[in-house]
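Everything below concerns the one structure shown next.
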Amino acid sequence: MDAERACVDYLNGADVGATAYYDVPNPRPSPLVVVERTGGGRGEGATSRPTLDAQCWAPTRRGAALLARAVEDALLDMPAGVAGVTHVTISSTFRDRDLESGTPRYHVVFEIYSNV
């Protein structure tokens with residue numbers, strides 16, 4: 001399973017309040033979500049457990065926080081909507097400011113458990 005593709009496609013169908021992408025597009029829309037695989041392994045046998053980061057940008061800190069909350073809620077519902085995804089765990093949520101643009105951003109770090 002291409003975890004990044006599965007998450008981007010799922011979030012784009014989940015109406016989280018922003019479009020999800022693999023990379024920051026140019027020009028940059030606001031708000032937006034970028035999903036990147038940051039680690040994780042294949043797991044055991046026919047399972048996979050990648051770690052991903054959903055970066056949630058918005059014009060305000062509050063907007064970014066609300067977008068991150070919507071992404072978290074959607075991701076927790078992902079097993080019901082995506083074949084092969086058996087569980088999603090939110091590992092961490094934190095905020096930072098994108099140094100390049102100065103835009104408020106929250107990160108949602110999560111693991112997807114799937115049957116490969």
Side-chain angles (χ1 to χ4, degrees):
M1 165 187 284
D2 180 338
E4 288 175 322
R5 178 179 299 272
C7 289
V8 167
D9 291 348
Y10 177 75
L11 289 173
N12 283 332
D15 192 25
V16 296
T19 301
Y21 301 92
Y22 302 102
D23 297 298
V24 177
N26 185 8
R28 179 193 314 241
S30 184
L32 79 146
V33 177
V34 173
V35 176
E36 295 180 314
R37 183 176 177 147
T38 58
R42 257 189 72 74
E44 296 179 16
T47 63
S48 177
R49 206 172 86 202
T51 302
L52 296 107
D53 178 21
Q55 301 166 29
C56 304
W57 275 274
T60 66
R61 179 176 165 187
R62 173 125 175 94
L66 292 172
L67 179 56
R69 173 65 84 153
V71 167
E72 287 175 343
D73 291 344
L75 289 170
L76 291 173
D77 289 339
M78 191 175 176
V82 177
V85 174
T86 59
H87 186 72
V88 174
T89 299
I90 307 296
S91 305
S92 178
T93 302
F94 63 94
R95 75 175 177 90
D96 73 352
R97 181 169 296 277
D98 178 44
L99 296 177
E100 187 174 313
S101 70
T103 306
R105 172 176 64 184
Y106 270 72
H107 294 258
V108 177
V109 181
F110 59 102
E111 287 183 327
I112 293 179
Y113 296 72
S114 66
N115 298 326
V116 178

Which residues pass the ring-ring contact (aromatic ring centres under 6.0 Å, His included) test with Y10, not counting sequence neighbours?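 If we apply the ring-ring contact (aromatic ring centres under 6.0 Å, His included) test to Y10, skipping adjacent residues, there are no hits.
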From CG (L76) to CD1 (I90), nearest 0.5 Å: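 Between L76 CG and I90 CD1, I get 4.5 Å after rounding to 0.5 Å.
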If you round to the nearest 0.5 Å, how far is OG1 of T38 from CD of E111?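 Taking CD in E111 and OG1 in T38, the distance rounds to 9.0 Å.
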Which heavy atom of [X] sits nearest to which heavy atom of [Y], and what is that distance?
X	Y	result
V88	M78	CG2-CB, 4.1 Å
L11	A20	CB-CB, 4.0 Å
C7	I112	SG-CD1, 3.1 Å

Is there a path of hydrophobic side-chain contacts, each under 4.5 Å between heavy atoms of I/L/V/M/F/W/Y residues, joining Y106 to V109?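 The answer is no; the residues belong to distinct hydrophobic clusters.
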Do F110 and Y113 sit in the same hydrophobic cluster, where Ile, Leu, Val, Met, Phe, Trp and Tyr count as joined when their side-chain heavy atoms come under 4.5 Å apart? no
Residue pairs meeting salt bridge (Lys or Arg N to Asp or Glu O under 4.0 Å), one or both in residues 21-30, sequence neighbours left out, come to R28-D98
Can you tell me which residue pairs pass the salt bridge (Lys or Arg N to Asp or Glu O under 4.0 Å) test with a partner in residues 80-96, sequence neighbours excluded?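 The answer is D96-R105.
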Could you tell me which residues satisfy side-chain hydrogen bond (donor to acceptor under 3.5 Å, both in side chains) with T89, sequence neighbours excluded, listed by chain and number? H87
Which residues pass the side-chain hydrogen bond (donor to acceptor under 3.5 Å, both in side chains) test with E36, sequence neighbours left out? Q55
The side chain to side chain contact (heavy atoms under 4.5 Å, CB included) partners of D2 (sequence neighbours excluded) come to E4, R5
What residues join V34 in its hydrophobic cluster, counting side-chain heavy atom gaps under 4.5 Å, either direct or through other members?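 For the cluster that includes V34, the remaining residues are Y21, V24, L32, W57.
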Taking only residues two or more places apart in sequence or in another chain, which ones pass salt bridge (charged side-chain N to carboxylate O under 4.0 Å, His left out) with D77?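 For D77 there are no salt bridge (charged side-chain N to carboxylate O under 4.0 Å, His left out) partners, ignoring immediate neighbours.
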Is there side-chain contact between P79 and V85, with heavy atoms separated by less than 4.5 Å?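 Answer yes - side chains close enough.
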Cut-off 3.5 Å, no hydrogens considered: what does the side-chain donor-acceptor table look like for residues 58-74, sequence neighbours left out?
unit_1: T60; atom_1: OG1; unit_2: G63; atom_2: N; d: 2.9
unit_1: E72; atom_1: OE2; unit_2: T93; atom_2: OG1; d: 2.3

